[in-house]
Every structure is written in structure tokens, then in C-alpha cells.
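Working notes, beginning with the structure itself.
Just so you know, these numbers come straight off a predicted model, no measurement behind them.
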Amino acid sequence: MPAAEGPAAGSAGTTPAAGADDVLHADAVAALRGWAAPDAGQEALRAAYLAHLATRPDGLSRHCLAGHLTASALVVDRSTGRALLTLHRKLGRWLQLGGHCEPGDRTLAQAALREATEESGIPGLVLRPVPLRLDRHLVPCAGPGTSVAHLDVQYLALAAPGAVEQVSEESLQLRWFPLDGLPAGTDASVRALCADAARLLPTP
């Protein structure tokens with residue numbers, strides 16, 4: 001999902017560590033190479049993501065208009081089995097939490113956890129370190145009338161029982177939903193993500 005622009009590289013106190021982009025790129029390649037896709041459709045996406053990274057050293061940067069990897073997480077309350085979704089301010093849809101990788105991110109999992117924590121306001125989330133799903137979608141994040149492919153790597157994050165969310169500037173609302181009781185109009189990718197999480201988690 002779109003994320004607010006950070007300070008320009010080279011500003012005082014904001015220059016990323018040398019080689020940070022290379023470290024994140026290498027982690028993304030390793031994470032995808034080591035991931036066992038659950039079906040043929042997910043395997044095709046895994047191969048497409050790796051092919052993109054093989055030709056684009058900037059393939060995780062929001063400035064790569066040929067498409068870029070993003071990281072998201074489905075936040076689930078482990079005691080109730082409910083998922084926290086955001087009614088996204090710009091897109092107007094119920095989605096999992098996530099967005100662009102940032103200069104300080106060293107791994108995709110770190111990026112997903114950072115985004116989930118920032119957008120939920122919930123401290124102490126526990127991220128399952130292996131991706132849960134992949135999803136490729138177009139997002140208008142490069143200016144009016146221009147859509148860019150987000151190659152999203154989706155994780156599962158567990159919140160402590162009774163965790164209380166706080167709405168960030170990214171969201172119109174945050175709300176907990178049963179994994180099998182999502183709001184009308186929720187898109188197929190979020191439904192698939194919730195279905196995979198439900199199969200993985202024990203019944204509360």
C-alpha cells in the first residue's frame with residue numbers, strides 16, 4: 001500500500017548505511033528462493049518476483065516504476081482469531097497492513113513488521129518470518145493517472161490478546177474481523193490471505 005515519502009537520501013541524519021539497498025535486495029532474493037510456494041499460481045508469482053529482482057537492482061524501491069516489491073502483514077489476535085484490517089485512506093478498501101520498503105529496512109520481514117506496527121499502533125507484534133502469500137496488484141502510487149505494480153510479499157503477524165489498535169494517517173478506520181467473516185466487497189487477495197492464515201492458525 002502507498003506510504004508517505006520519507007526524507008531525501010543525503011539529508012542530515014537520514015543517509016542509509018552503505019550497502020543497505022544491496023542487503024535488502026539480497027534478503028528478498030534469499031527469502032523468495034527459500035520459500036515453498038503452496039500452489040502453481042503462487043509458484044508463478046515467486047518466479048516472476050525473482051526474475052524482476054534479477055534484472056532490477058532497484059526492484060524494492062518505490063521509485064522503480066517498472067514495479068517494486070512491497071511488504072505487508074495480516075495482523076491477527078491470537079486469542080480470538082480475528083484479523084485487523086485497515087480501511088485505506090487513499091484506496092478506500094479494506095486491506096491488510098503494509099507498504100513500501102524504506103531505506104532503514106534490512107529484510108523484507110523487518111519491513112513488514114515495521115509497517116504493521118506503524119499502521120496498527122500495536123507494540124510487540126510477533127511476525128512469522130516465512131512469507132504466507134504473494135500478490136501482484138496495480139496501485140496508483142506514482143502520481144495521478146499512473147499505476148505501478150506492487151509485488152507484495154505478505155506475512156502473518158500475531159498480536160497479544162486484547163491488543164488495542166490506534167488509527168494512523170494511512171487509515172480511515174481500523175477494525176477487527178473474523179477470518180471467515182470479512183466485509184462485503186473485500187477483494188480476492190485479502191480473502192485468500194485470510195483463508196491461508198485460518199488454515200495455519202489453531203482454532204481459538
Side-chain angles (χ1 to χ4, degrees), residues 1-4 27 31-32 34-39 41-42 45-46 69-102 105-137 139 150-204:
M1 291 177 294
D27 172 79
L32 290 165
W35 183 62
D39 56 51
Q42 289 287 288
L45 284 176
R46 186 184 79 91
L69 270 69
T70 54
S72 68
L74 182 69
V75 174
V76 176
D77 182 322
R78 69 184 76 188
S79 64
T80 66
R82 295 184 304 160
L84 183 67
L85 299 184
T86 171
L87 183 58
H88 197 271
R89 183 175 297 277
K90 292 182 180 178
L91 301 179
R93 300 199 305 268
W94 288 106
L95 301 168
Q96 77 276 11
L97 307 174
H100 292 112
C101 297
E102 300 291 350
D105 296 326
R106 307 287 285 183
T107 70
L108 278 175
Q110 181 185 28
L113 181 58
R114 175 187 53 74
E115 285 283 331
T117 301
E118 289 175 355
E119 293 187 8
S120 70
I122 299 173
L125 295 174
V126 177
L127 190 82
R128 182 174 178 264
V130 179
L132 188 56
R133 283 189 70 83
L134 308 177
D135 183 68
R136 183 184 187 278
H137 50 271
V139 175
H150 276 191
L151 311 180
D152 199 32
V153 182
Q154 303 173 331
Y155 291 83
L156 174 66
L158 298 178
V164 178
E165 70 281 6
Q166 293 192 17
V167 176
S168 77
E169 64 182 13
E170 297 287 334
S171 305
L172 293 172
Q173 296 182 52
L174 291 171
R175 190 179 300 174
W176 298 93
F177 295 98
L179 290 169
D180 60 355
L182 302 179
T186 302
D187 67 41
S189 68
V190 179
R191 292 186 180 278
L193 181 61
C194 288
D196 278 7
R199 284 189 287 269
L200 186 67
L201 294 170
T203 302

Passing candidate, side-chain contact (heavy atoms from CB on, under 4.5 Å) with D152, options R133, R136, H137: H137
Criterion side-chain contact (heavy atoms from CB on, under 4.5 Å) against V153, the qualifying member of L108, T70, L45: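 The option that passes is L108.
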To the nearest 0.5 Å, how far apart are [atom1] in [X] and [atom2] in [Y]?
X	Y	atom1	atom2	answer
L125	E115	CG	CD	12.5 Å
L95	L85	CG	CG	8.0 Å
T86	R175	OG1	CZ	11.0 Å
D135	Q96	CG	CD	7.5 Å
Q110	Y155	CD	OH	11.0 Å

Closest approach of [X] to [Y] (non-hydrogen atoms, all atoms of both residues):
X	Y	result
P129	A109	O-CB, 4.5 Å
G98	E119	O-OE2, 3.1 Å
A112	S72	CB-O, 3.7 Å
P123	G121	CD-O, 3.5 Å
S120	L97	CB-CD1, 3.6 Å
Q154	L193	OE1-CD1, 3.7 Å

Salt bridge (charged side-chain N to carboxylate O under 4.0 Å, His left out) partners of E118, counting only residues at least two apart: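 Counting only residues at least two positions away or on another chain, E118 forms a salt bridge (charged side-chain N to carboxylate O under 4.0 Å, His left out) with R114.
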Other residues, nucleotides, ligands: >12 heavy atoms within 6.0 Å of R128 CZ: yes
Check: P131 main-chain N/O paired with W35 side-chain donor or acceptor under 3.5 Å: yes
Exam field: side chain D105 to backbone E102, donor-acceptor pair closer than 3.5 Å: yes
Does a side-chain heavy-atom distance below 4.5 Å link [X] with [Y]?
X	Y	value
D196	L156	no
D77	L84	no
L74	C194	yes

Quick one: side chains of residues 179-191, donor-acceptor pairs under 3.5 Å with protein atoms, not counting sequence neighbours, listed by atom name and distance.
{"from": "T186", "atom 1": "OG1", "to": "P183", "atom 2": "O", "distance (Å)": "2.7"}
{"from": "D187", "atom 1": "OD1", "to": "S189", "atom 2": "N", "distance (Å)": "3.2"}
{"from": "D187", "atom 1": "OD1", "to": "S189", "atom 2": "OG", "distance (Å)": "2.7"}
{"from": "D187", "atom 1": "OD1", "to": "V190", "atom 2": "N", "distance (Å)": "3.1"}
{"from": "R191", "atom 1": "NE", "to": "T186", "atom 2": "O", "distance (Å)": "3.1"}
{"from": "R191", "atom 1": "NH2", "to": "P183", "atom 2": "O", "distance (Å)": "3.1"}

CA sep, side-chain torsions, deciding dist, call: E165, W176, side chain to side chain donor-acceptor pair (under 3.5 Å): CA-CA 9 Å; E165 70 281 6; W176 298 93; 2.8 Å; yes
